[in-house]
Amino acid sequence: MLRPLTVLALLAPGLLSTPPAWAEEAGALPREEIEKIVREYLLREPEVIYDAIQVLQERREVAERERQRSMIVARAPALFDNEADPVAGNPDGDVTLVEFFDYRCGYCRSMVPGLRDLLATDGRLRFVFKELPVLGPESEVAARAALAAALQDSEKYTKLHFALMGSKDLSLDAVKALAGQAGLDVPRLLDDMAGDAVKRTLAANHALAQELGINGTPSFVIGDRLIPGAVDVAQLTALIEEQRRAASGG
């Protein structure tokens, strides 16, 4: 949200310091008189400032949404079809939903039950996991372990993913224990956690998030739309159906 002082800083050069050229050329009013009128008007009608804040904010939001749409289209292969990304649901689904998440993110965790239900009930949905550890070292450990699990088995990745989402302890020892419970080869997992493949995937996810303007987790991408933050799963369901209708020409 733009602050009033920010708007004044934007408006002042045009309104106070540089009166319209036509006014001076016409000799209608001297510069000092125009400045006085503008000052008095803003003091008398301060709501003008707040109207300006709203207009500027809306313009910036619209511009950012359009930039994000263009970027999603340009980076579609990396978003939807990166072979390094774990996938759940129907691998040949007619709609793909992408989630950027962090295992220590409370909002990401709060959405897990709804997302699991969505995957269980929508047999045509393809779900792409984008590991985006941004909340400290434990986030990094968990993300590396999850991606290492994906190198072994996609189903075991999904099992470990939900176990990590439900665990209060994301230390290396706790993650190793969860990996063992998921049926993973833990020594291999530890080797792969430090491997180049995992490093490349995390670096690519961070770069992609930066390009899209993702500032936090969770963030979802469907079609050409970015949906930031925790949202009601019903809203995601509606967007999925909207994508299907658009694809079918309905």
Side-chain angles (χ1 to χ4, degrees), residues 78-93 95-206 208-209 216-221 230 233 236 240:
L79 265 171
F80 303 111
D81 298 310
N82 186 342
E83 292 184 356
D85 291 330
V87 173
N90 186 339
D92 300 314
V95 173
T96 297
L97 177 64
V98 179
E99 182 189 14
F100 288 81
F101 61 89
D102 184 302
Y103 288 110
R104 291 187 64 237
C105 167
Y107 295 108
C108 300
R109 290 170 176 243
S110 72
M111 292 200 65
V112 166
L115 291 174
R116 294 189 81 163
D117 287 344
L118 181 60
L119 284 168
T121 57
D122 189 339
R124 295 185 291 162
L125 178 65
R126 179 173 176 269
F127 192 95
V128 175
F129 297 93
K130 287 284 188 182
E131 305 273 350
L132 188 67
V134 292
L135 297 175
E138 287 192 343
S139 296
E140 183 83 12
V141 167
R144 285 179 177 274
L147 288 172
L151 295 175
Q152 292 188 38
D153 185 279
S154 60
E155 290 185 6
K156 290 177 182 178
Y157 164 86
T158 304
K159 187 174 181 179
L160 180 60
H161 168 83
F162 288 121
L164 292 169
M165 278 294 182
S167 177
K168 293 181 180 179
D169 186 355
L170 293 177
S171 65
L172 180 58
D173 286 341
V175 169
K176 286 162 58 179
L178 291 173
Q181 293 167 20
L184 289 153
D185 179 337
V186 176
R188 177 186 167 186
L189 184 96
L190 293 174
D191 287 341
D192 288 338
M193 283 175 66
D196 289 340
V198 167
K199 291 177 183 178
R200 284 195 299 270
T201 300
L202 289 177
N205 288 353
H206 280 285
L208 188 56
T217 54
S219 289
F220 298 89
V221 179
V233 172
L236 292 178
I240 291 167

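Heads up: numbering here begins at 1 and tracks the sequence.
Under 3.5 Å, the side chains of D169 and S171 contain a donor-acceptor pair of N or O atoms.
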For this session: Begin with the C-alpha distance, continue with both residues' side-chain angles, and end with the deciding distance and a verdict on side-chain contact (heavy atoms from CB on, under 4.5 Å) for K130 and V221.
Result: CA-CA 10 Å; K130 287 284 188 182; V221 179; over 6 Å; no
Problem set entry | side-chain contact (heavy atoms from CB on, under 4.5 Å) between L125 and L119, intermediate numbers included | CA-CA 7 Å; L125 178 65; L119 284 168; 4.2 Å; yes
Problem set entry | From CA spacing to verdict: side-chain contact (heavy atoms from CB on, under 4.5 Å), L178, F162 | CA-CA 10 Å; L178 291 173; F162 288 121; over 6 Å; no
Problem set entry | E140 vs R144, salt bridge (charged side-chain N to carboxylate O under 4.0 Å, His left out): CA-CA, chis, key distance, verdict | CA-CA 6 Å; E140 183 83 12; R144 285 179 177 274; 3.0 Å; yes
Side-chain donor/acceptor pairs under 3.5 Å, residues 108-115, sequence neighbours excluded:
from, atom 1, to, atom 2, distance (Å)
R109, NE, Y103, O, 2.8
R109, NH1, M165, O, 3.0
R109, NH1, S167, O, 3.0
R109, NH2, Y103, O, 3.0
R109, NH2, S167, O, 2.6
S110, OG, Y107, O, 2.7

Run the side-chain donor-acceptor check on residues 191-205: report pairs under 3.5 Å with partners two or more places apart or on a different chain.
from, atom 1, to, atom 2, distance (Å)
D192, OD2, R188, NE, 3.3
T201, OG1, A197, O, 3.1
N205, ND2, E131, O, 2.8

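Test V98, D85, V128 against F80 for side-chain contact (heavy atoms from CB on, under 4.5 Å) and you get one pass: V98.
Here the closest non-hydrogen pair linking L184 and Q152 is CD2-OE1, 3.6 Å. The two residues A142 and L164 have their closest heavy-atom pair at O-CD1, 3.7 Å. Taking every heavy atom of both residues into account, A146 and L160 meet most closely at CA-CD2, 4.1 Å. When all heavy atoms of H206 and P133 are compared, the closest pair comes out as CE1-O, 3.2 Å.
Atom NZ of K156 is surrounded by more than 12 heavy atoms from other residues, nucleotides or ligands within 6.0 Å.
The CZ atom of F129 sits 10.0 Å away from atom OG of S154, with the distance rounded to the nearest 0.5 Å. Atom CG of residue N90 and atom CZ of residue F127 lie 14.0 Å apart, to the nearest 0.5 angstrom.
Side-chain contact between V95 and D122: absent, with no pair of heavy atoms (C-beta onward) separated by less than 4.5 Å. Taking 4.5 Å as the limit, some side-chain heavy atom of L97 sits within range of a side-chain heavy atom of L118. P86 places a side-chain heavy atom less than 4.5 Å from the side chain of L147.
When atom types are taken as modelled, the side chain of S219 and the backbone of G216 share a donor-acceptor pair closer than 3.5 angstrom. Under a 3.5 Å cut-off, the side chain of D102 and the backbone N or O of T217 do not form any donor-acceptor pair.
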